[in-house]
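Contents: one structure, followed by commentary.
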There are 2 protein chains.
Amino acid sequence: MPLTGDATPPLDETARAILDAASRRFLHYGYGKTTMSEIAGDCNMSTGNLYRYFPSKLDIAEAFVRRLRAEQIRMLREAVGKSGLSTQDKLRTFFKLKLKLVYDRFHDRPKAYELSQEILKERPSFADEWERAESRVLCEVLEEGEGAGELALCDRNRTARILQDIFFRFASSSVYYEGEYDVLAGELDDVMDLVWDAFEHRKELSIR
Amino acid sequence: MPLTGDATPPLDETARAILDAASRRFLHYGYGKTTMSEIAGDCNMSTGNLYRYFPSKLDIAEAFVRRLRAEQIRMLREAVGKSGLSTQDKLRTFFKLKLKLVYDRFHDRPKAYELSQEILKERPSFADEWERAESRVLCEVLEEGEGAGELALCDRNRTARILQDIFFRFASSSVYYEGEYDVLAGELDDVMDLVWDAFEHRKELSIR
DNA sequence: GTATTGAACGCTTTAGAAAGCATTCAGTTC
DNA sequence: GAACTGAATGCTTTCTAAAGCGTTCAATAC
């Protein structure tokens with residue numbers, strides 16, 4: 001099986017240098033105010049040569065966001081991988097961390113946030129990929145939960161999708177006002193409590 | 001008690017004429033391409049006189065969206081008011097109709113859709129009002145459900161808010177592609193099934 | 001043959017001027 | 001004096017020409 005499916009295909013050394021240079025500029029000045037000749041200059045090469053490594057500027061941005069995603073998936077996987085956590089805690093941790101990551105990116109790296117929003121709008125298939133990558137992590141948690149007898153589901157993939165629908169609000173790009181984080185985290189807890197009650201109910205039904 | 005809380009304060013006859021004229025133009029040409037002198041012309045009056053009835057152009061737009069809201073709330077209330085519907089069906093109907101109303105507005109009256117989005121962004125307090133108006137309808141359904149012994153909740157208002165969080169995805173403005181309605185409606189059903197299982201579980205707990 | 005260059009092309013963004021618009025208010029009407 | 005007018009104000013949008021930028025490719029380097 002492929003390692004995780006979240007990993008970016010490994011990059012040429014030159015390609016990585018280009019991506020690193022572009023990333024620095026994207027973070028400081030944003031996508032729109034970064035030019036191909038600046039990136040080329042940072043790498044001591046000509047603009048034309050950039051196109052030997054990336055088909056377009058937007059693809060450099062996608063590679064940038066791909067890294068963000070890989071990092072986020074890694075952190076989510078790590079957070080739910082801790083032993084000693086119940087399945088409920090894992091699910092709660094998953095969505096709370098996801099909220100926190102988006103919230104922090106919005107406040108601390110606004111340029112990165114904008115860029116990822118832009119790419120997700122411009123490249124719907126990439127957005128799907130991201131959702132599927134998270135779905136995979138969720139499915140693992142659900143599978144473990146079933147193994148431990150904490151859950152009884154009819155369809156893990158479907159359940160993961162339902163969870164993503166339910167928690168959509170907490171990853172949604174509606175402006176995150178200062179101080180809103182605690183309110184959102186509180187509401188997330190309420191929603192998680194409800195979800196877990198549903199899971200309990202389904203487990204009981206399956207036992208009978 | 002006030003009638004519903006959703007009603008707009010009654011309008012002067014002249015104010016209504018202004019709003020009617022503005023509405024026609026908003027629907028056909030959009031907010032930005034409608035000018036105050038056009039509205040005034042339609043009403044056979046001068047631009048200055050408009051300001052005796054509305055503080056600004058944006059307030060005319062707000063009044064327009066206020067009507068949309070009143071109509072939507074009325075339809076939601078009517079849909080869940082049908083006798084013979086279980087509480088589960090009422091909740092399902094509520095959120096499904098809401099999805100349909102937003103979806104249809106997006107496709108059939110795009111200018112009205114844009115305008116309402118604009119107002120909701122520009123006037124957060126109005127967005128809150130809208131949410132509270134829907135919350136009131138939800139609370140009525142929940143209250144009836146409790147009366148009929150179909151539900152046992154600890155806090156109706158809180159539950160209504162949780163439901164709004166959970167179904168946020170289905171009223172969210174992410175672009176509605178052609179044909180996506182059926183997919184969304186299907187996912188909504190899955191989410192509703194899960195919510196109802198949670199309610200069942202809570203009822204059972206409260207009985208014991 | 002592979003890697004790289006940089007001038008050339010056409011599309012997009014920008015800057016600055018002109019036009020248009022929302023809003024105001026001194027004055028008019030009834 | 002309540003309802004209304006329309007010219008004046010200053011902000012915003014539109015227009016247009018110029019500059020800037022992403023992208024290409026024939027030529028160059030190695």
Contact pattern, 5' to 3', of nucleotides 13-22 of chain D - B, S or - by protein heavy atom under 4.0 Å: --------SS
Output one letter per nucleotide in nucleotides 1-8 of chain C: B when a protein non-hydrogen atom lies under 4.0 Å from the base, S when only the sugar-phosphate is that close, - when neither is. --SBBBB-
List for me each residue that meets ring-ring contact (aromatic ring centres under 6.0 Å, His included) alongside B:Phe54, sequence neighbours excluded, and say none if there are none. none
ring-ring contact (aromatic ring centres under 6.0 Å, His included) filter on A:Trp130, not counting sequence neighbours, yields none
Under 3.5 Å side-chain donor-acceptor pair for B:Asn49 and B:Ser46: no
Does one side chain, of A:Arg105 or A:Gln72, offer a donor that lies under 3.5 Å from an acceptor on the other? yes
Just how far, in rounded Å, is P of D:dA3 from CD of B:Glu13?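 It works out to 13 Å between those atoms.
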Provide the full list of ring pair (Phe, Tyr, Trp, His ring centres under 6.0 Å) pairs with a residue in residues 80-102 of chain B, sequence neighbours left out, each pair given once. B:Phe95-B:Phe167
Keeping to residues at least two apart or across chains, list the ring pair (Phe, Tyr, Trp, His ring centres under 6.0 Å) pairs with something in residues 14-34 of chain A.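 Only A:Phe26-A:Tyr31, A:Phe26-A:Phe64 qualify under ring pair (Phe, Tyr, Trp, His ring centres under 6.0 Å).
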Separation of A:Leu184 CG from A:Leu99 CG (nearest 0.5 Å):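 A:Leu99 CG to A:Leu184 CG: 5.5 Å, rounded to 0.5 Å.
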Rounded at 0.5 Å granularity, tell me how far CD1 in A:Ile73 sits from CG in A:Leu68. 11.5 Å
